[in-house]
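Here's the structure we're looking at; comments come further down.
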Amino acid sequence: MAVLEVSGLTKRYPGVTALDAVDLDVRPGEVHVLIGENGAGKSTMVRCLSGIERPDAGGMTLYGERYQPDSAADALQAGVRVVHQELALLPNLSVAENLFLHHLPHRAGVVDRSALNRMARDLLTEVGLDLSPRTPVERLGIAQMQLVEIAKALSGQCRLLIMDEPTATLTPKETGRLFEILRRLTATGVAVIYISHHLEEIFEIGDRVTVLRNGKHVTTQEVAGLTTAELVRFMVGRDLAHEYPPVRPRELGAELLRVTDLKITPAAPSLSLAVRAGEVVGVAGLVNSGRTEAMRAIFGADRSASGRVEVRGRPARLRHPRTAVRAGMSFLTEDRKAQGLVLDLSIAANMSLANLPAVSRFGLLNRAAEAASASALAEKLRVASRGVRQHVRALSGGNQQKVVLGRWLAADTDLLIVDEPTRGIDVGARYEIHQLLLDLADAGKGLLVVSSDLPELLGICDRIIVFSRGAIAGEVPRAEFDAERVLNLAYSGYLKGVAV
Amino acid sequence: MTAVTAPRAVGGRWASQVLGEAGIGVALVALVAFFLAFAPYFGTSQNVRDIMTQITINTILAVGMTFVILVGGIDLSVGSVIALCAVVAGTAMTDSGLPTALAVPFAILVSVVIGAVTGFVNGFVTERWVVPSFIVTLGMLYVARGAAQQYTGAATIYDLPPGLTRFGTATFAGLPAVFVVAMLLVAVAWFVLSRTVFGRLIYATGNNEEAVRLSGHRTSLIKVACFVIGGACVGVAAIIYMARLGVASPILGQGYELNAIAAVVIGGASLAGGRGSVVGTLLGACLLGVLSNGLNLMGVSDFQRTMVTGAVIIVAVVLDAYRRRLSVRLS
Amino acid sequence: MRRRTALTAVVTVTTALALAGCGQESTDDPAPGQAGGKPTVCLVMKSLANEYFQQMQTGAVTHVKERNDLTLDSSGTQNETDVDGQVALVESCITKRARAIVIAPADSKALVQVVAKAVKADIKVVNIDVKLDDGALQQAGVEVPFVGPDNRDGARQSGKVLADLLGKGGKVVILEGNPGADNATQRKNGFNDAVSEGGLTLLDSKTAHWETDEANQVFASMLTAHPDIQGVLASNDSMALGAIKVIQERKANVKVASFDNIPAVKEHLQSGVMVSTLDQYGSKQAADGIDFAMKMIGGEQVTGWQKTEIKLITKDNVGS
């Protein structure tokens, strides 16, 4: 008997049919991968399965019983666990409290802390997180939080586990550990619905795959025997010749950025790097290896202890992002919602934010000019929207990322630092963004591309700087690109030191 | 992706716009209709002028408060600061020995500067030491009240220049002159918030400060500026108060901060910042003023009036949340 | 676009208000202040949350029922300092074309301007409770009769009882009302009169804002600073109650002279800790004011200070 059977599931929003009579069946002990571009209906499907949304039509059965959750609590009760893409942890509470929030162990109403911490430690061990259950969640890195979220899903009875982009922030090592956990779970008969943009993961972990496009079911197939190209064709409805756009040979220009002996804190290792015009420099490293911190310090987003930053050969004291922008730098942050977008403003307003003088005069906004410039950018970036006056809150992740990119394109700076430019973005939009970054380099801009997605860096960069444990562990030029070599460098700092 | 670009029903767009923006205006029209039907004298031109005069001070304070709330702050000190502005400016008029023609502009300057300076202190302390403005302005509430009492020795100043008090009762094109001042202020604030780069940065900062900072703007400066604007508005309100009542007392203005916040919130602003408009604020102040005046004319007792006002604030905010959800669903 | 919609709403409302105003004024304007042939008198109170003013209002309503020759329209503010709110109430009275206004001003100066407006609109105004400031009235160019007790004389009388009891050199403190409030100043002056006439030594004089709990704190610290205090001159009974609580807790031998005669002090007068208080027949004041207002509507000239009865209350006449 199937664990979950979905038939004719339909969900309409005004003007939009998010799910259009979709069928799905999930078998016991299988990892069923759900893929599709952003807006294909994956998230709506998850929301229906987890009781957050009620479908307009269609039915679901769970182990042969009618399954019609009215709330997230109903879904939980039925043994359907969800790890959402957006983290839902309470930052001030400890890891243990977060794990067992719904059923804290207690004696006569008083929380039994030792039992709580013991149970929490067992769970953490299971997901391979080596930290004290008493640690407040706010002190964790984003990848650790993700693992806590996964552990939380395992903290009760679980018959069907749904994971929405669980690896978006995980390093390869952590992803590997997650897959181990999943294999162990499926061996006991638990079924998993797994949503991911990483095609290579599908081949590694998936048993069957269902492809959605524009709210419709395209196909369900055994993963074995499929090729990446076929999958992409199912998703996009057309052929993408390659996963990454072709890198044309470029003439490198003058040195745009030189960072010498930058120290984040007085005790930190000193960092030095340089970027030339027309160069795409990748920045690799594990999560928390110090790469994002280094970029923020270069941009002046955080104070650094010491060091010298030169832009076009001129020293720049970057104490505030304002000086960095004026000196000709852009910074696309890794967390677009928290640090990039102004969700309640329009696409046009978001795009002009770093370039207001161009659309204003004597401090007065020229809204027509702003809209015109935004429209041109939106067209260039192929932002799918109802128009540039639309609020960015309603856009899909890929389109939101394009809006932030558009802001920095409008600013037209010589140097762009982009941190996780394609996180949580579907294949089609990824390709477009990669193409755009390469176009910028072709036009003589310098780029620093930070990413946890190694194939991405290998696909588009001229060379890759590898961070490990806060220091630069080494550099690999394009001619010598090799995933293993980069990974070895990324781990090197942790191997040399004391115990990990 | 075509899903997002699919055209929406035209009716939905219109309905969502009315619901999203003019909800409070609809409520106000309904209230006015109700009082026209049931409150004697409500529609007389005399009473309309009364209402305009009566909402003037709260409107001015609420306009300033809108700026502060838009950047995610709150200013609890306005009720005390208006007293401080009034007594110092009042003394400036009575004791400076200047002729009225000079004394009044001097007093206006003094009042606005004191308001702006307290606003600056509120904003600066909030930003420099990253503490909640709720607490800082709560402190300022006490400091300013004490300073006002200290300054006058708790005495009321009353022999203000007749020119000023005449202005308090004067009419301009049939409208109370003080109300015209408030409307001018509303117009200027509306222009600043919706048409200038500064206004844009205010909304953006209230919405996502880090994003604005990383886009190369000094958000601290923007936030402090909003507190300064809020304070300057208090200074203007202090002059209006003296013009209207002919006195400056160190105990005036108690509870004004809450009226101003109520007007801003009824007007649809979010206390988290980034959402709200000065037009909404004006409508909020009108709603409170019309309510108080109409109930009074109907002979509703003061206790009941207080209860109804509170209930209306709650209902307004609940309706606001509801129609916002509705308009999101329609869009 | 969205702002324009909201703006339209504002314009609509304003226009509606204005049109309604124009329409009504010229057509069906009800006869001025005349309901069923009886003149309308507005009673504008302050701080109806205060029992004292509440009683005053109730007294007025009863009195008007007995007279049966006028319509009473009474209103009041929520708290003692709501000057702005009270001005709005008076403005409404003018709008309603009341024949007379009887007002207990929340501020002796701030209300003068609107009162002058009423007088100029040919409305008779009678001032009760706290006297409007003479200088301010003069400046506004109007004269308004005051119907009320002599707070200063009352406080002097109450204070004198304490002075006589303690004798020359007795050490006392004063608990003052709200700084700036006229009755508070008058009572403080009256107490000071009693202090100097009786040869008492004044150790301290501070405000407790008419409040029991604040008086409790203020007097406790006074007693700590001056353990030799023998007497307290409290500007109202609420504050006296706060001081008495301290006296009882510390078993101190301190006597209290007070003002107002609220029911709660009766037991303290009987037990002897309070030696005197003063009844100014507050509940009658509004009724008295209405009587004078009716006289003025009838064409009689009433000016100056119409003093109302006050009575010193001690153990002997408090009753049981």
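Here is the naming used below: chain letters follow the sequence lines, and residue numbers restart at 1 for every chain. Keep in mind that this is a model prediction, so the values were computed, not measured.
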Name all residues meeting the side-chain contact (heavy atoms from CB on, under 4.5 Å) criterion together with A/T333; count only those two or more places apart in sequence or in a different chain, and write none if there are none.
A/F331, A/Q339, B/L214
Given a strict heavy-atom distance threshold of 4.5 Å, which part of A/A349 is in contact with chain B: side chain, backbone, both, or neither?
both
Tested for salt bridge (Lys or Arg N to Asp or Glu O under 4.0 Å) against A/R296, the lone hit among A/D335, A/D302, A/D419 is A/D302
Check each atom of A/R326 against the heavy atoms of chain B and say whether the ones under 4.5 Å are side chain, backbone, both or neither.
neither
May I ask you to decide whether A/E420 forms a salt bridge with A/R291, counting only side-chain N to carboxylate O separations under 4.0 Å?
yes
Establish, from distance only, whether the side-chain atoms of A/R407 and B/S215 form a donor-acceptor pair under 3.5 Å.
yes
Against chain B, label A/A411 side chain, backbone, both or neither, depending on which of its atoms sit under 4.5 Å from a heavy atom there.
neither
Residue A/S330 versus chain B: region with a heavy atom under 4.5 Å
neither
Bottom line for B/V192: the part with an atom under 4.5 Å from chain A's heavy atoms is neither
Taking every non-hydrogen pair under 4.5 Å, which of A/S352, A/G363, A/G300 racks up the most with chain B?
A/G363
Is it the side chain or the backbone of A/F362 that comes within 4.5 Å of chain B heavy atoms, both, or neither?
neither
What part of A/V342 is in contact with chain B, defined as an atom under 4.5 angstrom from a non-hydrogen atom: side chain, backbone, both or neither?
both
Residue pairs, two or more places apart or on separate chains, that pass salt bridge (charged side-chain N to carboxylate O under 4.0 Å, His left out) and touch residues 339-353 of chain A:
A/D344-A/R393
Heavy-atom pairs under 4.5 Å with chain B, option from A/S360, A/A324, A/A338 with the top count
A/A338
Taking A/D20 first and then A/K11, would you say they form a salt bridge - that is, a charged N and a carboxylate O separated by under 4.0 Å?
no
